[in-house]
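Residue numbers start at 1 and run along the sequence shown. Both counts, for ligands and for their atoms, begin at 1 and track the order of listing.
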Amino acid sequence: MVKPQSSTLPVIAIDGPAASGKSTTARMVAKALGFRQADSGSLYRAVAASQIRLAGDNAKWSAASLLDAARSVTIEPVVGVFAVRVDGEDAEAELRSAAVTAHVSLVASIPQVRTWVNTRMRDCAKAGPIVVDGRDMGTAVFPDAVLKVWLIALTGERARRRSVELLGRDPSAEELAREAAELVARDTKDATQTKPAADAVHIDTTTLTRDEQVAQIVALARERMRA
Ligand code: CDP
């Protein structure tokens, strides 16, 4: 009997709290291994962005309206990654906007939206070896992943990194405090789905460079795939 393709292709799952560096790390790990990367957080953000485009951010949202908004969201393979698009456009700046960030946890709390995202992620994994990142990749979505990583960093460092990413410069003390408060508030809202898998390898990146954390994960992945 021919084995279903999905069970033979390696999946590496990188999960962790907000701004712990998951997506950048996942992208670099994927590049080093010749895999593609798919970011589940971008899908949740894209559903929120699409809903805001359709109804504004004061509208009363429901599971039905969010699933309707999700119809405009696609995730497609390009070189090295699965690109998330809203109405066919690369909407990266919009996905990272304050409006989307403020609403995304609510969107992600709707079970029908979670099912929709999880199905898209599993479809991506059927297309080839993959590095996936988010909150529940190693628990709910890919419990059989060959390697599960739980990435953490101290809140102050996460806030510094996210501020530099958003502002393109070092933040003021006030900006840093605001970002830290936003991250902590979102971690609290996301707490239900933000738990490490029992068999996840925990990596604290507070004092690591990106290259160091990527090298650790790539080495672990190679070891697991040889076993
Ligand atoms: O980059 P950051 O960690 O700030 O967030 P993200 O990965 O882009 O995820 C945005 C939001 O999507 C999170 O705050 C969660 O509400 C939700 N999310 C989730 O619930 N489950 C996932 N697997 C990924 C993201």
Any ring pair (Phe, Tyr, Trp, His ring centres under 6.0 Å) pairs touching residues 171-197, not counting sequence neighbours?
->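 Counting only pairs at least two positions apart or across chains, no ring pair (Phe, Tyr, Trp, His ring centres under 6.0 Å) contact touches residues 171-197.
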May I have all residue pairs that pass ring pair (Phe, Tyr, Trp, His ring centres under 6.0 Å) and include part of residues 207-227, sequence neighbours excluded?
->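 Every pair satisfying ring pair (Phe, Tyr, Trp, His ring centres under 6.0 Å) with a residue in residues 207-227: there are none.
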Under 4.0 Å from a heavy atom of [X]: which atoms of ligand 1 are those, numbered in the order shown and with their elements?
{"X": "Ser40", "answer": "22 (C), 23 (N), 24 (C)"}
{"X": "Met137", "answer": "23 (N)"}
{"X": "Gly134", "answer": "23 (N), 24 (C)"}
{"X": "Ala108", "answer": "16 (O), 17 (C), 20 (O)"}
{"X": "Arg162", "answer": "1 (O), 2 (P), 4 (O)"}

What's the verdict on side chain to side chain donor-acceptor pair (under 3.5 Å) for Arg161 and Thr205, showing C-alpha distance, side-chain angles and the deciding distance?
-> CA-CA 11 Å; Arg161 291 177 190 167; Thr205 70; 2.9 Å; yes
Side-chain donor-acceptor pair under 3.5 Å between [X] and [Y], yes or no?
{"X": "Arg120", "Y": "Thr74", "value": "no"}
{"X": "Thr209", "Y": "Asp211", "value": "no"}
{"X": "Arg135", "Y": "Gln193", "value": "no"}
{"X": "Thr25", "Y": "Gln213", "value": "yes"}

Purely on distance, is any nitrogen or oxygen of Ser42 under 3.5 Å from one on ligand 1?
->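 The answer is no, given that Ser42 and ligand 1 share no N or O pair closer than 3.5 Å.
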N/O separation below 3.5 Å, Ser20 to ligand 1 |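 There is no such contact.
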Heavy atoms only, cut-off 4.0 Å: how does [X] contact ligand 1, side chain, backbone, both, or neither?
{"X": "Arg135", "result": "both"}
{"X": "Asp190", "result": "side chain"}
{"X": "Ala19", "result": "backbone"}
{"X": "Lys189", "result": "neither"}
{"X": "Arg158", "result": "neither"}

Could you name the option among Arg114, Arg96, His103 that has the heavy atom nearest to atom 21 (N) of ligand 1?
->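 When every heavy atom of Arg114, Arg96, His103 is considered, Arg114 comes closest to atom 21 (N) of ligand 1.
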Hey, are the side chains of Arg169 and Val164 touching, using non-hydrogen atoms and a 4.5 Å cut-off?
->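 When only atoms from C-beta onward are counted, Val164 and Arg169 do not touch, as no gap falls below 4.5 Å.
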